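Positions are given from 1 along the sequence. Just follow the structure's listing: the first ligand is 1, and inside any ligand the first atom is 1. Since the model is a prediction, treat every value here as computed from it, not as a measurement.
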Amino acid sequence: MGDTCNIDLERIPAHIAIIMDGNGRWAKQQGKPRSFGHQAGAQTVHVIAEEAARLGVKYLTLYTFSTENWNRPEAEVTALMKLLFDQIEEETFMKNNIRFRIIGEEERLPEKVQERLNLCIEHTAGNTGMTMILALSYSSRWELTEAARQIAVEVKEGKLDVQDISAETVEKHLSTSFMPDPDLLIRTGGEVRLSNYLLWQCAYSELYFCDTFWPDFKEAELRKAIAYYQQRERRFGKTSEQVMG
Ligand code: IPE
Ligand code: IPE
Ligand code: MG
């Protein structure tokens, strides 16, 4: 739990996106194999999901495995898929009223993992608290390319007029169409880049980067990121005077 005095519970970001980075370096620091870091990282997911739900976050999107991560050594990819399979259990979700979803190229995941994920999605579909979304085999360029392809098909089939294509049309075809854009994007692990994550959706997100490796990112770190968010003035292209009303 911990204290929440430095954050305003009335202004909690509705959608927090997290690039969970630094598992490998965290393990290396202790002379352990990278897989040890991934296991520790999985524990952090449970801690952060519970805390976010408790604070009233509505959507939590976690970058778990990128399209580019398929290029890692085969043994690491296999270990990550096994970890994913083992870690998807409904207990944390049911206990915290969390609805579970995924985004990404699901077909590329091992069949057993897909089955496990889909069962969890089904079983938690009735939960009404926070929605937690794992981005798996996800990248923005994959997603936007898919959207372009689907829109082209609709035009070709005469279901959509080229003149009617708008930003909303694109949004409707993204895998994130069921959620609002992130208010806050957090990246742990010290790198200051987006690594192909939610590029369209983060157009107006507040960005928070910290050096803490993901396995060490616990409740207090999350609250620190939210406190940072609450100090920003979101102008969306307007002037400060306009926003202040
Ligand atoms: C993030 O940690 C987890 C995944 C990308 C799967 P990393 O594995 O990238 O850890 P570092 O960045 O090498 O420390
Ligand atoms: C981003 O981390 C992907 C995930 C956290 C799942 P990476 O470790 O793959 O990013 P880069 O390669 O350092 O940009
Ligand atoms: Mg990394």
Side-chain angles (χ1 to χ4, degrees), residues 15-49 52 57 59-88 100-110 112-114 116-117 131-146 174-176 179 182 184-202 205-218 221-222 225:
H15 179 175
I16 299 182
I18 307 184
I19 302 174
M20 309 183 289
D21 197 22
N23 292 349
R25 281 164 287 158
W26 182 86
K28 196 174 171 191
Q29 230 177 23
Q30 307 170 51
K32 299 260 172 57
R34 293 178 60 83
S35 58
F36 185 75
H38 293 315
Q39 262 160 14
Q43 295 312 309
T44 301
V45 170
H46 290 280
V47 171
I48 293 302
V57 172
Y59 296 88
L60 181 69
T61 42
L62 303 175
Y63 205 8
T64 306
F65 192 86
S66 72
T67 303
E68 289 75 19
N69 288 150
W70 287 114
N71 299 322
R72 290 195 177 188
E74 203 185 317
E76 179 163 346
V77 172
T78 308
L80 279 167
M81 289 302 144
K82 187 181 177 308
L83 182 65
L84 183 59
F85 183 85
D86 293 341
Q87 286 295 323
I88 299 301
F100 176 71
R101 297 284 296 262
I102 56 172
I103 54 171
E105 205 173 359
E106 195 191 337
E107 306 77 53
R108 287 188 74 177
L109 302 171
K112 267 175 60 180
V113 173
Q114 289 185 42
R116 190 80 202 82
L117 291 165
T131 303
M132 179 177 123
I133 301 106
L134 294 189
L136 292 166
S137 191
Y138 173 89
S139 66
S140 277
R141 289 181 180 177
W142 161 79
E143 179 183 50
L144 287 162
T145 307
E146 274 306 303
L174 299 178
S175 57
T176 52
M179 56 176 121
L184 170 65
L185 173 93
I186 298 171
R187 182 173 185 140
T188 66
E191 308 296 354
V192 183
R193 56 178 173 249
L194 297 177
S195 302
N196 221 346
Y197 193 44
L198 301 175
L199 301 183
W200 170 288
Q201 296 87 338
C202 284
S205 306
E206 299 301 329
L207 309 180
Y208 179 86
F209 299 94
C210 67
D211 290 334
T212 310
F213 294 137
W214 176 249
D216 288 333
F217 190 89
K218 295 288 153 69
E221 295 270 347
L222 179 67

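Legend: residues meeting ring-ring contact (aromatic ring centres under 6.0 Å, His included) with Phe100, ordered by chain and number and at least two apart, are Phe93.
For Cys202 against Pro182, the heavy-atom pair with the smallest separation is SG-CG, 3.9 Å. When every heavy atom of Thr188 is checked against every heavy atom of Phe217, the shortest pair comes out as CG2-CD1, 3.5 Å. Closest approach of Tyr63 and Ser195 over heavy atoms only: OH-O, 3.0 Å. Here the shortest heavy-atom pairing between Arg72 and Arg34 reads NH1-NH2, 3.0 Å.
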| Pair Asp21-Glu191, side chain to side chain contact (heavy atoms under 4.5 Å, CB included): steps then yes or no | CA-CA 8 Å; Asp21 197 22; Glu191 308 296 354; 3.8 Å; yes
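Sorted by first then second residue, the side chain to side chain donor-acceptor pair (under 3.5 Å) pairs that include residues 135-144, not counting sequence neighbours, are Thr67-Ser139, Trp70-Ser137, Tyr138-Ser140, Tyr138-Glu143, Glu143-Ser175, Glu143-Gln201.
Near Arg187, with a cut-off below 4.0 Å to any heavy atom, the atoms of ligand 2 are 2 (O), 10 (O), 11 (P), 13 (O), 14 (O). Less than 4.0 angstrom separates some heavy atom of Arg193 from each of these atoms of ligand 2: 11 (P), 13 (O), 14 (O).
Environment of NZ in Lys82: sparse, with no more than 12 heavy atoms of neighbouring residues, nucleotides or ligands closer than 6.0 Å. Atom CD of Glu74 is surrounded by 12 or fewer heavy atoms from other residues, nucleotides or ligands within 6.0 Å.
Sorted by chain and number, the protein atoms of type N, O or S within less than 2.8 Å of the Mg ion (ligand 3) are Asp21 OD1.
With Ile19 as the partner, the side-chain contact (heavy atoms from CB on, under 4.5 Å) test is satisfied by one option alone out of Thr61, Asn196, Thr64, Leu185: Leu185.
Listed as neighbours of ligand 1 are Met20, Asp21, Gly22, Asn23, Gly24, Arg25, Arg34, His38, Thr64, Asn69, Arg72, Leu80, each bearing a heavy atom under 4.0 Å from the ligand.
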